[in-house]
K.L.:
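Provided herewith is a single structure, encoded as C-alpha cells, for subsequent inquiry.
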Amino acid sequence: MRTATLGPAERTEALRAMAERELDVLVVGAGVVGAGTALDAVTRGLSTGIVEARDWASGTSSRSSKLIHGGLRYLEMLDFALVREALKERGLLLERLAPHLVKPVPFLYPLQHKGWERFYAGSGVALYDAMSLSSGHGRGLPVHRHLSRRNALRVAPCLKKDALVGALQYYDAQMDDARFVTTLVRTAAAYGAMAASRARVVGFLREGERVVGARVQDVESGGSYEIRAKQVVNATGVWTDDTQALIGERGQFHVRASKGIHLVVPKDRIHSTTGLILRTEKSVLFVIPWGRHWIVGTTDTDWDLDKAHPAASSADIDYLLEHVNTVLATPLTRDDVQGVYAGLRPLLAGESEATSKLSREHIVAHPVPGLVVVAGGKYTTYRVMAKDAVDAAVHGLDQRVAACVTEDIPLLGAEGYRALWNARARTAARTGLHVVRVEHLLNRYGSLTEQILDLIAEDPGLGEPLAAADDYLRAEIVYAASHEGARHLDDVLTRRTRISIETFDRGTLSARECAELMAPVLGWDALQIDKEVEHYEKRVEAERESQRQPDDLTADAARLGAPDIVPI
C-alpha cells in the first residue's frame, strides 16, 4: 500500500498525475458514494482518480443523522430486501470494515398504547434482530428487550410519565459521517487512487457521443486540467442533475433534494442513558447520543434553493423542538440549542423505463457511452452502491476486471484497532495523555492514532487541548491539514472536527488558534490567517441569521450572505 497522506504536496501531485495519462475510472464527487466507488475501483486493480469540487463529504455526507442502520421503519413498508441489505452492511462495518469508526447505539421506542402496540412493534423489532443475525454479521449487537414503564423511566428519566405505557429498546449503530468519508478517501489513496479536493469538474471531454474524461478546474490556484478516463462515474448526489447538464444530455432520472435539519444540545439537557426514537405524523424523530451532546432530528421538506449551503429556518427549529418536547418532562428551549445543521437527501424521480435500477433504493445508469451515473440510496449501503457503479463501468472497459473485494477491505485504522484499544492504559502511561484522551483518539483514528502521537512527541504543545473546544487536541488540527486533506479553516471546524456544532460559540472562539496551527502546513501568512478567520466568522453569523428567519426563502437569502470559499 502507498502513503495514505493527503497533504498539500500529495494533492498537487495527484492532479498532475491524473492529467498525465488516461485513467480507467475517474470518479466525480467525494461524498460517501463517490469515495466508496474510488475504493471499489482501485481495489479491483483499476487506475482510479477522484475529484471533489469542495471538501470531502462537504455536501450530504457530512450532514446526516450519523446513523448506520437497517432502516427499521422500512419493515413497516414491507421492504425486506432493503432492510436485509442494510443490516448486512451494518454488521460488516461494525465487525470488520470500520470497528474504530462505527459503534453500537441503543434506542428506546416508547409505547403509547397497551396490548396491540407492544405486539405490533415488538414483532417488527424481533424480525429486525432476526434478519440481522441471519445476515451472518449481526452478532456484535445486543438483541432488543421489552421494558415496563417503570424500567423505561429508569433508563430514560427524561420522559414524561404519561408519555408512555412501556417501551422497547433495540440497537443500531452510529459514526461521524464526515470522518468516515475522509477515511474512505484515504484508504482508496493508500491502494493507489489519486485524490484531489477543491477540484471542480467544469465540463466533460467528448469524442463523438462518448465521454472520455473531464475538464477540471483547480479551485485553489485557478489552474485547469484535462483528465482523460475510459469511464467517468458521476457520484455527485443532489448535484447529479447539474453535473449531467454539462454533457447536454437529458437524464434518465432526476434527483430531487429533500432538506433535513438536526439540532445539537448538551448532554445534561436530556437525562437518559439511551437514544430515543419517536413517531411523528410524517416519519420518525431521533434523539441520538453524540459524545457530550445529543443530536435531535430530522425534518423532511422539499428544497430547491442553494444546494451547497442548505439553510435551517426558525420554523424548522421550532418543528423539532415542538415534537421532541411532547415526550420530555423538562422541555428544550431555543437557549438549549448548541448547534444546528442542515443537509439534503438525494431523492430519485425516474423519467425513463430504460433506467437501470440495481437496487430498490438507488439507481445506476449509463446515459451515454463512457459515463456512469449513480444516485439515491442510503449512507449505510454506500458500499453496495459503489459496487454497482463500478460493475456498470466495467461493462464499458475492454478488459477483464476482478470482482468487487471491498467486503474484505478494512478501512485505514481498522487493522490492529482492538489490540490498541485493549492496550489503551499502557498507551496513556507511555505518552502522558489521560486514558480518556487516548480513547478519543482511537475512536477517531484507530491504529492511525500513532501518527497523532508522533506529532505530539515532536512538539509536546500539540498534546494540549484547544482552549475553547477541549474535546480536541491541538495535534488533531495539524493532522487534519497535513494528512486528511483539510484546505481551509471551515474544513477543520466543520468536518475534521465537529466544533462548529458542539460549542455554543459555533467554533468562533477556536478559529484563530486552529488557523495558526494549520498555517505552517498550508503555507499561510498572517494575511491569509486573518482571511480564514474572517471568512469563518461571517459563515457562522450568516448561519445564525438564517436560523432566525421564518421560512426557507428568507433563510436561504440570509445564508448566502457569507462567501463560499477563501481565495489563497
Side-chain angles (χ1 to χ4, degrees), residues 1-14 35 39 55-57 97-102 175-176 178-195 197 409-466 469 471-487 491-493 495-499 513-514 516-523:
M1 290 170 64
R2 304 181 188 182
T3 177
T5 300
L6 296 178
E10 288 78 15
R11 175 185 177 276
T12 301
E13 173 58 23
L39 178 59
D55 185 27
W56 318 129
L97 303 184
H100 56 315
L101 301 176
V102 180
M175 46 67 220
D176 182 328
R179 173 146 302 283
F180 189 94
V181 173
T182 296
T183 307
L184 264 180
V185 175
R186 293 186 67 195
T187 306
Y191 282 98
M194 292 158 275
S197 63
I409 302 289
L411 302 193
L412 282 182
E415 293 283 5
Y417 160 72
R418 290 190 174 92
L420 286 171
W421 180 261
N422 293 340
R424 61 194 185 278
R426 287 210 318 270
T427 302
R430 169 170 60 89
T431 60
L433 294 175
H434 193 283
V435 69
V436 171
R437 294 285 184 195
V438 175
E439 290 174 353
H440 161 88
L441 294 174
L442 288 171
N443 285 330
R444 283 170 56 76
Y445 307 96
S447 54
L448 298 180
T449 293
E450 290 297 326
Q451 295 180 348
I452 304 283
L453 298 178
D454 287 344
L455 289 176
I456 295 171
E458 292 172 16
D459 180 356
L462 296 180
E464 296 297 317
L466 294 172
D471 280 353
Y472 300 95
L473 298 179
R474 289 163 57 86
E476 296 181 75
I477 309 305
V478 175
Y479 188 79
S482 65
H483 285 70
E484 296 182 331
R487 300 285 303 168
D491 301 342
V492 167
L493 293 174
R495 286 172 290 277
R496 300 307 181 279
T497 70
R498 295 307 187 140
I499 294 170
E513 182 180 7
C514 290
E516 289 173 351
L517 288 165
M518 296 170 70
V521 180
L522 298 175

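All values reported here derive from a predicted model rather than from experimental measurement. Heavy-atom basis, side chains included; hydrogens, waters and symmetry copies ignored.
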K.L.:
More than 12 heavy atoms of other residues, nucleotides or ligands under 6.0 Å from CD of E415: is that the case?
P.N.:
no

K.L.:
Going through the checks in order, is the side chain to side chain contact (heavy atoms under 4.5 Å, CB included) test met by L493 and C514?
P.N.:
CA-CA 8 Å; L493 293 174; C514 290; 3.8 Å; yes

K.L.:
In the structure I gave you, are the side-chain heavy atoms of L411 and L39 within less than 4.5 Å of one another anywhere?
P.N.:
yes

K.L.:
Does some side-chain heavy atom of R186 sit less than 4.5 Å from a side-chain heavy atom of V181?
P.N.:
no

K.L.:
Is the shortest distance from a Lys or Arg side-chain nitrogen in R444 or D471 to a carboxylate oxygen in the other one below 4.0 Å?
P.N.:
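The answer is no: the pair does not qualify as a salt bridge.
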
K.L.:
Are the side chains of I477 and L466 in contact, using a 4.5 Å heavy-atom criterion?
P.N.:
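In short, these two side chains touch, coming nearer than 4.5 Å.
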
K.L.:
So do W56 and L184 actually touch side chain to side chain, heavy atoms under 4.5 Å?
P.N.:
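They are not in side-chain contact.
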
K.L.:
So, do V521 and V478 sit near enough that their side-chain heavy atoms are less than 4.5 Å apart?
P.N.:
yes

K.L.:
Rounded to the nearest 0.5 Å, what separates atom NE2 in H440 from atom CD1 in I452?
P.N.:
8.5 Å

K.L.:
For a quick check under 3.5 Å, do Y417 and N422 share a side-chain donor-acceptor pair by atom type?
P.N.:
no

K.L.:
Using atom types as modelled and distance alone, determine if a side-chain donor or acceptor of E10 lies under 3.5 Å from a backbone N or O of G7.
P.N.:
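At least one qualifying donor-acceptor pair exists.
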
K.L.:
Ion pair present between D491 and R495, side-chain N to carboxylate O less than 4.0 angstrom?
P.N.:
yes

K.L.:
Can you tell me if T497 uses its side chain to pair, donor with acceptor, with the backbone of V492 under 3.5 Å?
P.N.:
yes

K.L.:
Are L462 and L517 packed together at the side-chain level, in the sense that at least one heavy-atom pair is separated by less than 4.5 angstrom?
P.N.:
yes

K.L.:
Would you name the heavy atoms of P99 and R418 that are closest together and state the gap between them?
P.N.:
CB-NH2, 3.4 Å

K.L.:
Please check this pair: side chain of R496 against backbone of E484, looking for a donor-acceptor N/O pair closer than 3.5 Å.
P.N.:
yes

K.L.:
Check whether any side-chain heavy atom of M194 lies under 4.5 Å from a side-chain heavy atom of E13, and answer yes or no.
P.N.:
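The answer is no; the side chains never approach within 4.5 Å.
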
K.L.:
Within the structure provided, determine whether T427 and L453 are in side-chain contact (heavy-atom separation under 4.5 Å).
P.N.:
yes

K.L.:
Distance from L101 atom CG to T182 atom OG1, nearest 0.5 Å?
P.N.:
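Taking CG in L101 and OG1 in T182, the distance rounds to 10.0 Å.
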
K.L.:
Specify the closest pair of heavy atoms between G485 and D55, including all atoms of both residues, with the distance to one decimal.
P.N.:
O-OD1, 4.2 Å

K.L.:
Determine whether a donor-acceptor pair (N or O, by modelled atom type, separation under 3.5 Å) exists between the side chain of R11 and the backbone of S197.
P.N.:
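Checked: pair present.
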
K.L.:
Has the side chain of T183 got a donor or acceptor atom that lies under 3.5 Å from a matching backbone atom of R179?
P.N.:
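At least one qualifying donor-acceptor pair exists.
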
K.L.:
Nearest 0.5 Å please: distance from the CG atom of L441 over to the OH atom of Y472.
P.N.:
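So the CG of L441 and the OH of Y472 are separated by 11.5 Å.
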
K.L.:
How many angstroms lie between CG in L448 and CG in L420, if you round to the nearest 0.5 Å?
P.N.:
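Atom-to-atom, L448:CG and L420:CG are 10.0 Å apart.
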
K.L.:
When you measure from the side chain of E476 to the backbone of L473, do you find a donor-acceptor pair of N or O atoms at a distance under 3.5 Å?
P.N.:
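Confirmed, E476 side chain pairs with L473 backbone.
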
K.L.:
Would you sort out whether V435 and E439 count as a side chain to side chain contact (heavy atoms under 4.5 Å, CB included), showing the intermediate values?
P.N.:
CA-CA 6 Å; V435 69; E439 290 174 353; 4.2 Å; yes

K.L.:
Closer than 3.5 angstrom, by distance alone: can the side chain of H100 be matched with the main-chain N or O of L412 as a donor-acceptor pair?
P.N.:
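At least one qualifying donor-acceptor pair exists.
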
K.L.:
If you compare all heavy atoms of A190 against all heavy atoms of A4, which two are closest, and at what distance to 0.1 Å?
P.N.:
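For A190 and A4, the tightest heavy-atom pair comes out as CB-CB, 4.0 Å.
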
K.L.:
In Å, rounded to the nearest 0.5 Å, how long is the span from CZ of R437 to OG1 of T449?
P.N.:
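The OG1 atom of T449 is 13.5 Å from CZ of R437, to the nearest 0.5 Å.
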
K.L.:
Consider only side-chain N and O atoms of Q451 and Y479, and report whether a donor and an acceptor are under 3.5 Å apart.
P.N.:
yes

K.L.:
Within 45 degrees of the axis of the six-membered ring of W421 and under 6.0 Å from its centre: does R424 put its NZ or CZ there?
P.N.:
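Yes - R424 lies over the ring of W421, closer than 6.0 Å to its centre and within 45° of its axis.
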
K.L.:
Please report the shortest heavy-atom distance between L433 and G463, naming the atom on each side.
P.N.:
CD2-O, 3.9 Å

K.L.:
Can you name the closest pair of heavy atoms from I456 and A475 and give their distance?
P.N.:
CG1-CB, 3.7 Å

K.L.:
What's the spacing between S447 OG and L442 CG if we round to 0.5 Å?
P.N.:
9.0 Å

